[in-house]
Every structure is written in C-alpha cells, then in structure tokens.
Amino acid sequence: MSIGLSFTGRIDSPKALLEAAQTLARERDCHLKVGETGLKAVLCPMGGELGILWRPAEDPAGPWLVRGGCISTPAGAGLHRAAVELLDSLPIRGLTVEDETGFYRHRDFQRMKEEHFYPWLRTLVDVCSQESGKGVSGMQLCWDLEQYAPRDIPDTVITPMGRFRLGELVRTVEQGGIDALAGRFFLWNDRTRDARFYRNRAINALWERCYFAPSARSGEDAAVNGAILDDLERAARMNPALPLPRSAYEEVCALAQRDAVLLQGPELAEEFLPGYRKDLITHGIGALRLTLPGSYLSGWEPWQNGGARLWTDGTGPVWRVSAYRVREGEAQFTENLDALHGVEGRMLKGGALRWGWKEVYEDAERLYQAQCEVIAGPALFFLTVTCGSPEELVQAAELIGMISVVNSAAREETVHT
C-alpha cells in the first residue's frame, strides 16, 4: 500500500543524463549512486530515492530508453514533490509519468497530502488502534526487514522515526488531528527542507543509525554523530521554537567532543529516548538470528575460501559468523567442538545448537574463544567469539543462549507499507 510514481522516457546518452544529474545534485543537496545501467538520486533517508535505469534502443546510435520511479512512503509528501521536480529538470524527452497521487499533473501539494498521504497514515493508525492493549509483540511499521531488528517491547510499534506506544499514535490523532501525527511520523511532511525536515532527519538517524559511540572509534561513528548535530543545530537556527531532542543532542555532543551550541528551547518530550542501538538488536544471517549489543560495528572478513560476518566494538569480544549449506539432506554437527571445554547443546525451534570454549593465545596474550555450531535444515552456521577475559566469555555465553533460527515461512507480525 505504498505511495509512489513511475516514469518512462528517452535520453540522448547516459553520460548526458549523468552530467545533468550531478549538477542538480549539487544544487539540491542530494547524493547520487551511479552504476553501469542506472543511477539513484538520494533525496532523503527512509528510502527517499529516485531511481533511473537506462538501456539502448534498437539503434545504438539513437536515443536511449529510460524508466524509473520513486516510492514516497514512509518518507512523506515532501519527497514526492522533490522527486517530481527533479524529474522536471532532467533532460528526459517524451517523459510519461504515472503518478497515483495526481501531483505531477495538478501540482497542488496540500491536496496531495490530504487525499493520499494522510489517508495512508490513517490506515496505519487504524491498524495500531485494533492492536492496542493486546500486548502484541514484534510489530513494525515501515521497517526495513533487511537490517537488524530492535528489541521488542510489547504493545509498542517500531518505526524508522522511533518507538511508539500503539495507543499513543491513536491519541495523537484524536487530540491533534492527523496533521499533528504526520509532522512527527513522516520525515518530510512539508513542501521544502524546513526546520522540521532537519529535525526529523536527525531523529531518524538517532533512532536507526546512531551507535552512541565516540566519534573517535570509527569514521562511521564520526559521520553519523556529526550529521545528527549539524541537522539539529540547523533546525534550531531555522525555527528556535521547534521542540528538539535536546538531551540526545547533548549526549552526542559529548561523544563527538563538540561544544553544545543550541540555545535554550523546548524539549521534544517523548516516552522513549532515541536509540535502538543502545539496546540489544538481532541480526539475521540466513535462518540464523543472532542478538548482540547494538553498539557493535559490523563488517566482512575475507578468507582464502569465503569469509565471515564480523561484529566488534573495538575493545570487547569479536564475533564471527560463517555459513555453509549441504547439497542434500539436513546439516549435521561436525566433530570440531569435541575437544572443547564445557561442550553443551540444546534444541531450537527449527534447528539445534552446540557450543564450547577453549583458551587461545595471540602474541603471548591468553584469550578465551567460544565456538558454536548451529544447524537449521540444510544450513550449518559456525560462530566464534574471541574474548579477553572469563567475564567476557560469560557474557558471550548469555548471548549464545539467545540464538534462534527461523524457517522460510516464519515471519514476524509486521505491517509492510
């Protein structure tokens, strides 16, 4: 039930289109992702991209054909308008646009919001109203299931703009109207990139992307922390009366070793403080579900034959996960763990787990390494956790105890929009 637009047209060449897009990206402060067969103009987070694909027509010397589109929810009506106006400015001939909101034709922004985006949001509120008070677990709205899953709190809903009580969304609409909720739920609800846009972009980053770790830890931490502070300070300059998450701002300032410059003003008062990554989060690796501290950075460690997913905070345990699949039948445990200390196993719903530990030495330093095998149908997952102390090994054992597997039919109670 998403809202969006699609288009087709012709261009002289990909080079000409790319040069025009680069100029527009600089003018409109957006980012380009370019590939061999197309590009994406990233106008805002939460899926805020205008995608364009190209291919040659029958005559290679003639015009090229292009097609593309933009999904405007959940980012908001402001993204839809920006995507339409970007299309207007690109050198695409014979442009044909299918816009379910009609905005490409009538250009009435308020009409588009009231006839399409507000009813879309009301539908989500209706879903929340039906589930409120039932203690429902695992409910997500507009959440990208390809990324981590935040910790579940019954009777709340996870969104890219934060965690809300189900009843809170309903009460907000009842007390202030749909517009009151839209200004907080949509990242880009207004015509332009106004103060609310920059505040909401910072809120999204605080909830979804921020590790709440020092900027000195990594380039990713420095970039995320800096962008949050820049957006909140810009929002305050544009509208000093706008409520802001000032406590979170001061927390990130300390992490970035940056002086707090916001003047006194209203606090955005909400029940849940920003930051899914302040808590445990769950990663999906195939059928495996691995729960780790949200502050861990993830990466890929290449091996001679394959590689492993890797998580670490730079000072504590290092987690590695590699996956294998048997060609026929069900995967079986190997004999690799037989010589470990404290080997134990347990059945999982849809699989089984076995793990133990041993001492290892790196540069004469004694470390403790947990090794774990998880089977799920034809899949075998091998995990190692390298710890610097027995206390860290105990913590690793607790997280190993939270491992689960899912089958292909398993799905959380999620609302896709």
Side-chain angles (χ1 to χ4, degrees), residues 1-7 43-51 68-87 96-134 136 138-145 155-194 196-197 199-201 203-204 207-208 270 412-417:
M1 53 177 287
S2 58
I3 298 174
L5 61 86
S6 61
F7 65 89
L43 300 164
C44 72
M46 292 168 53
E49 301 175 342
L50 176 70
C70 175
I71 302 299
S72 307
T73 48
L79 166 64
H80 198 93
R81 175 180 178 268
V84 166
E85 295 184 350
L86 183 61
L87 267 181
T96 300
V97 178
E98 296 290 335
D99 181 355
E100 61 189 279
T101 72
F103 180 74
Y104 186 80
R105 175 180 51 81
H106 60 65
R107 304 301 170 102
D108 187 331
F109 184 74
Q110 190 63 27
R111 173 182 167 185
M112 175 178 63
K113 285 207 299 185
E114 293 178 353
E115 293 183 355
H116 295 275
F117 283 86
Y118 286 1
W120 180 90
L121 183 56
R122 283 186 184 276
T123 300
L124 299 190
V125 175
D126 289 343
V127 172
C128 293
S129 177
Q130 294 168 10
E131 300 298 329
S132 179
K134 298 180 181 179
V136 63
M139 189 168 180
Q140 302 169 350
L141 294 179
C142 314
W143 188 255
D144 180 4
L145 298 183
D155 214 38
T156 69
V157 61
I158 293 164
T159 82
M161 292 297 293
R163 186 189 297 274
F164 301 95
R165 294 279 179 195
L166 294 174
E168 175 188 356
L169 298 180
V170 178
R171 287 191 299 272
T172 299
V173 174
E174 291 176 345
Q175 297 171 3
I178 193 68
D179 189 62
L181 179 60
R184 176 64 180 82
F185 188 90
F186 290 123
L187 187 150
W188 197 348
N189 187 51
D190 299 318
R191 291 178 57 86
T192 61
R193 293 185 176 187
D194 57 7
R196 194 181 299 271
F197 168 87
R199 183 202 64 180
N200 287 0
R201 189 167 73 174
I203 289 174
N204 169 246
W207 273 104
E208 193 170 354
E270 297 185 311
E412 292 191 46
E413 184 179 350
T414 304
V415 176
H416 294 279
T417 53

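Position 1 is the first residue of the sequence; numbering continues from there.
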>> Let's go through Met46 and Asn204 carefully: what are the C-alpha distance in whole Å and the side-chain angles of both, what is the deciding distance for side-chain contact (heavy atoms from CB on, under 4.5 Å) to 0.1 Å, and is it a yes or a no?
In response: CA-CA 8 Å; Met46 292 168 53; Asn204 169 246; 3.7 Å; yes

Hey, can you pull the donor-acceptor pairs under 3.5 Å for the side chains in residues 164-184, sequence neighbours left out?
| from | atom 1 | to | atom 2 | distance (Å) |
| --- | --- | --- | --- | --- |
| Arg165 | NE | Glu271 | OE1 | 3.2 |
| Arg165 | NE | Glu271 | OE2 | 3.0 |
| Arg165 | NH2 | Glu271 | OE2 | 2.9 |
| Glu168 | OE1 | Arg165 | N | 3.3 |
| Thr172 | OG1 | Glu168 | O | 2.8 |
| Asp179 | OD1 | Tyr118 | OH | 2.3 |
| Arg184 | NE | Glu270 | OE2 | 2.7 |
| Arg184 | NH1 | Met161 | O | 2.9 |
| Arg184 | NH2 | Met161 | O | 3.0 |
| Arg184 | NH2 | Glu270 | OE1 | 2.9 |
| Arg184 | NH2 | Glu270 | OE2 | 3.3 |

Shortest non-hydrogen separation from [X] to [Y] and the atoms involved:
X	Y	result
Leu43	Arg193	O-NH2, 2.6 Å
Pro45	Ala75	O-CB, 4.1 Å
Trp120	Ser2	NE1-CA, 4.1 Å

Any heavy-atom pair between the side chains of [Y] and [X] that's under 4.5 Å?
X	Y	result
Leu141	Trp143	no
Glu100	Ile3	yes
Leu124	Cys142	yes
Leu121	Phe185	yes
Lys113	Asn189	yes
Gln140	Leu145	yes

> side-chain contact (heavy atoms from CB on, under 4.5 Å) between Phe197 and Leu187: does it pass, once the steps are laid out?
Replying inline: CA-CA 6 Å; Phe197 168 87; Leu187 187 150; 3.5 Å; yes

>> Tell me every residue that passes ring-ring contact (aromatic ring centres under 6.0 Å, His included) with Phe103, counting only those two or more places apart in sequence or in another chain.
In response: none

> Mind checking what makes salt bridge (Lys or Arg N to Asp or Glu O under 4.0 Å) contact with Glu49, not counting sequence neighbours?
Replying inline: Lys33, Lys40

> Residues two or more places apart in sequence or in another chain: which of them pass salt bridge (Lys or Arg N to Asp or Glu O under 4.0 Å) with Glu98?
Replying inline: none

> Got a sec, which residues hit side-chain hydrogen bond (donor to acceptor under 3.5 Å, both in side chains) with Asp99, two or more places apart in sequence or on another chain?
Replying inline: His80, Thr101

> How far apart are the C-alpha atoms of Phe7 and Leu50, what are their side-chain angles, what is the distance that settles it, and do they pass the side-chain contact (heavy atoms from CB on, under 4.5 Å) test?
Replying inline: CA-CA 11 Å; Phe7 65 89; Leu50 176 70; 3.9 Å; yes

> Going through the checks in order, is the side-chain contact (heavy atoms from CB on, under 4.5 Å) test met by Thr73 and Leu79?
Replying inline: CA-CA 9 Å; Thr73 48; Leu79 166 64; over 6 Å; no

>> Looking at Asp190 and Arg196, would you say the former's side chain and the latter's main chain have a donor-acceptor pair under 3.5 Å?
In response: no

>> Aromatic contact between Phe117 and Trp188, with the criterion being ring centroids under 6.0 Å apart: yes or no?
In response: no

>> Quick check on Arg122: does its CZ atom have over 12 non-hydrogen neighbours (other residues, nucleotides or ligands) under 6.0 Å away?
In response: no

> Quick one: side chain to side chain contact (heavy atoms under 4.5 Å, CB included) partners of Arg191, sequence neighbours excluded?
Replying inline: Arg81, Phe109

>> Nearest 0.5 angstrom please: His106 NE2 to Arg111 CZ, how far?
In response: 4.0 Å

